[in-house]
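Below is one structure, written out as structure tokens, with a few remarks after it.
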Protein chains: 2
Amino acid sequence: MSAPPSARTASAPLTPARKARERDVPPQLVHDPHETRLRLLDAAEALFAEHGYKGVSLRTITGKAGVNLAAAHYHFRNKEGLYRAVFERRVGPMNTERDTLLAACVAAEAQTGALDVAAVLDAFIGPSLRVGALPGGETFRRLSGRAAADPSPEVRRVVYELYDPVAMRFVEVLTRACPHLTREDLFWRLACAYGAMMYVRADSGRLQRLLGDDLSMADSAAAMHHLIPMLTAGFALPSLSAPPAEKKKKAK
Amino acid sequence: MSAPPSARTASAPLTPARKARERDVPPQLVHDPHETRLRLLDAAEALFAEHGYKGVSLRTITGKAGVNLAAAHYHFRNKEGLYRAVFERRVGPMNTERDTLLAACVAAEAQTGALDVAAVLDAFIGPSLRVGALPGGETFRRLSGRAAADPSPEVRRVVYELYDPVAMRFVEVLTRACPHLTREDLFWRLACAYGAMMYVRADSGRLQRLLGDDLSMADSAAAMHHLIPMLTAGFALPSLSAPPAEKKKKAK
DNA sequence: TAGAAGTCAAAACGGACGTTTGAATTTTTT
DNA sequence: AAAAAATTCAAACGTCCGTTTTGACTTCTA
């Protein structure tokens, strides 16, 4: 009957049961301290990735997790809370890695005097693709890729709150790294980089359909190896602003 | 009580009312020959673009269109039929333009002896962005961009059936245009191009959030002017296949 | 050991959904 | 003008949804 303890701040489990867990505790006797939570997160991650936020019901999720329907509301307050918790579990470490790599870029700048665009792109895109290498990370990679285009307000809220702060830091550094580009140039090149990253993340299978081969986007090292040079070459191009409205002028 | 006449093949309206319309007919007297159909298509296009396939109900659509709920089923059989009809109205002309421009590329190849990658990319991406210039096309541009990442089976069916045939032709021509690339190279560069195109189409507003400026993706000419050089530069890079697994070798 | 708090399970609630029905109405044809 | 076909309409059907309630069971605390 008591109020759900961890529902309002799903990222900070303060439960006594958790505290007991972190001490010694015979591991056989406590067979389900937070097991229900974990089963829900895993089932939700897989189902959201496959069918989208509106495409899955809590009944399907709790069914796959083998737990009661009400458990989802007990642990996560509501459907959006469960969705957000799925993201928080993965995005935290990912953002940490992003920040670490970005700091390394800025540190290198102090020595060489210039920012390496390829390294900045690597620091931004790399962690977001490497989550696929973690156990269970592959499905989350697809989930987050699809979330980028999901119009549901619940999804937009989660994506904005979790990704925006770090993304803004990268935009700032990239702006400094590309002094030859106008704000408009940067806008379109970022659109290209962001779109490519999200498309690889989502891995909709469309290209495999079109090419017919048995190619895969799962290998994050291969993805980085091909993507970074392409995008870096794009950012290296000179500014393209200004001329689009004119009709005929001799080139440059 | 009669069976819906145009429901099964929504793209071919054979209705007698239509035939009467195409003759002379005083245009004031017939105030709603296919007006219900059009109102439904317009309302559905706007609402699907904003909320996604699962995010809108037929009640909301018919409400906005000012028609009866059952009219949607009468004219389009079911929800997927309405969704598909929204696409068919726009994709037909778009695919025609794509094919025309692609044919021009191949014709130029016969003269110059080589395929212009930039022209092929232009022929593929240009028509898909220029639909935004048509009346009502801007909302469809966002709709189709979001549909690329929508996991609903209904959406996937429509997208595959309507876009795949032409897309496959472009893949074939692009393969010929880039003899220096392996199948794997092409896979990743297409992912980049496709992702960038879809991201601009969807225009989620994410980048505007991050950059803070009042930039816009609506201007298709500006979009092409920035995107094509970037992607062309990417396709022009030499092959990147093979080396990713090795640890240390001197470059090339 | 008694009680408080945390956890799970069964059942139900009200609402929204896609779809169907059957008749009324309009339009076209003869 | 009458018959036939096409279209619109109000109402309902059955289903699934997110959420809440209530109560039992377990675990920790004092």
Side-chain angles (χ1 to χ4, degrees), chain A residues 1-7 13-26 29-40 44 47 51-63 65-83 152-154, chain B residues 1-7 13-26 29-40 44 47 51-63 65-83 152-154:
Chain A
M1 193 187 288
S2 57
S6 60
L14 319 150
T15 334
R18 168 77 187 277
K19 283 188 289 186
R21 187 109 221 273
E22 288 172 350
R23 283 193 252 110
D24 39 1
V25 194
L29 291 184
V30 268
H31 74 301
D32 44 86
H34 280 180
E35 192 181 306
T36 301
R37 240 187 97 95
L38 286 179
R39 293 167 68 91
L40 274 171
L47 288 169
H51 302 108
Y53 182 78
K54 302 244 185 180
V56 204
S57 69
L58 286 174
R59 282 173 173 81
T60 307
I61 295 173
T62 52
V67 305
N68 188 273
L69 171 60
H73 292 93
Y74 175 76
H75 286 282
F76 306 101
R77 199 211 266 312
N78 54 26
K79 193 182 180 183
E80 180 179 346
L82 173 56
Y83 188 80
S152 310
E154 302 92 334
Chain B
M1 193 186 286
S2 58
S6 61
L14 320 149
T15 335
R18 169 77 187 276
K19 284 188 288 184
R21 187 110 219 270
E22 287 173 349
R23 283 193 250 110
D24 38 2
V25 194
L29 292 184
V30 269
H31 75 300
D32 47 84
H34 280 180
E35 193 181 304
T36 301
R37 243 187 94 95
L38 285 178
R39 294 165 68 91
L40 274 172
L47 289 169
H51 304 107
Y53 182 78
K54 301 244 186 180
V56 203
S57 70
L58 285 174
R59 282 173 173 82
T60 308
I61 295 173
T62 52
V67 306
N68 189 274
L69 171 60
H73 291 94
Y74 175 76
H75 286 282
F76 304 101
R77 198 210 270 308
N78 54 26
K79 193 182 181 184
E80 181 180 346
L82 173 55
Y83 188 81
S152 312
E154 302 93 334

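Below, chain A is the first sequence line, B the second, and so on; all start at residue 1.
Residue B:Tyr74 has a polar side-chain atom (N or O) positioned under 4.0 Å from OP1 or OP2 of D:dT7. Between A:Ser57 and D:dC17, a side-chain N or O to OP1/OP2 separation shorter than 4.0 Å is present. Taking only side-chain nitrogens and oxygens, B:Thr36 comes nearer than 4.0 Å to OP1 or OP2 of D:dT8. For B:His75 and D:dT8, the shortest distance from a side-chain N or O to OP1 or OP2 is below 4.0 Å.
Here the CG-NE2 distance, from A:Leu38 to A:His75, works out to 9.5 Å after rounding to the nearest 0.5 Å. To the nearest 0.5 Å, the span separating CD1 on B:Ile61 from OH on B:Tyr83 amounts to 11.0 Å.
A:Leu40 has its CG atom 11 Å from the P atom of C:dA9, to the nearest Å. In this structure, A:Leu58 atom CG and D:dG18 atom P are separated by 5 Å, rounded to whole Å. Across the protein-nucleic acid pair, A:Phe76 atom CZ and C:dT7 atom P stand 12 Å apart, rounded to whole Å. B:Ile61 places its CD1 atom 14 Å from the C1' atom of C:dA16, with the value rounded to the nearest Å. Atom C1' of nucleotide D:dT8 and atom CD of B:Glu35 are separated by 13 Å, given to the nearest angstrom. As a whole-Å value, the separation of B:Arg37 CZ from D:dT8 C1' is 16 Å. Protein atom CD of A:Glu80 is 19 Å distant from nucleotide atom P of D:dC17, rounded to whole Å. As a whole-Å value, the separation of B:His73 NE2 from D:dT8 P is 15 Å.
Looking at heavy atoms from C-beta onward, A:His73 lies in side-chain contact with A:Leu58 at the 4.5 angstrom threshold. Between A:Lys54 and B:Tyr53, the closest side-chain pair of non-hydrogen atoms is not below 4.5 Å.
Taking only side-chain atoms of B:His34, from C-beta outward, the nucleotide of D:dT7, D:dG18, D:dC9 with the closest atom is D:dT7. Which of D:dG18, C:dA9, C:dT19 sits closest to the side chain of B:Leu69 comes down to C:dT19.
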- Item | side-chain contact (heavy atoms from CB on, under 4.5 Å) between B:Thr62 and B:Asn68, worked out | CA-CA 6 Å; B:Thr62 52; B:Asn68 189 274; over 6 Å; no
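Place A:Asn68 and A:Arg59 on DNA chain C by their nearest nucleotides, and A:Asn68 ends up nearer the 5' end.
Residue A:Ala70 is in base contact, counting any heavy-atom pair closer than 4.0 Å across all strands shown.
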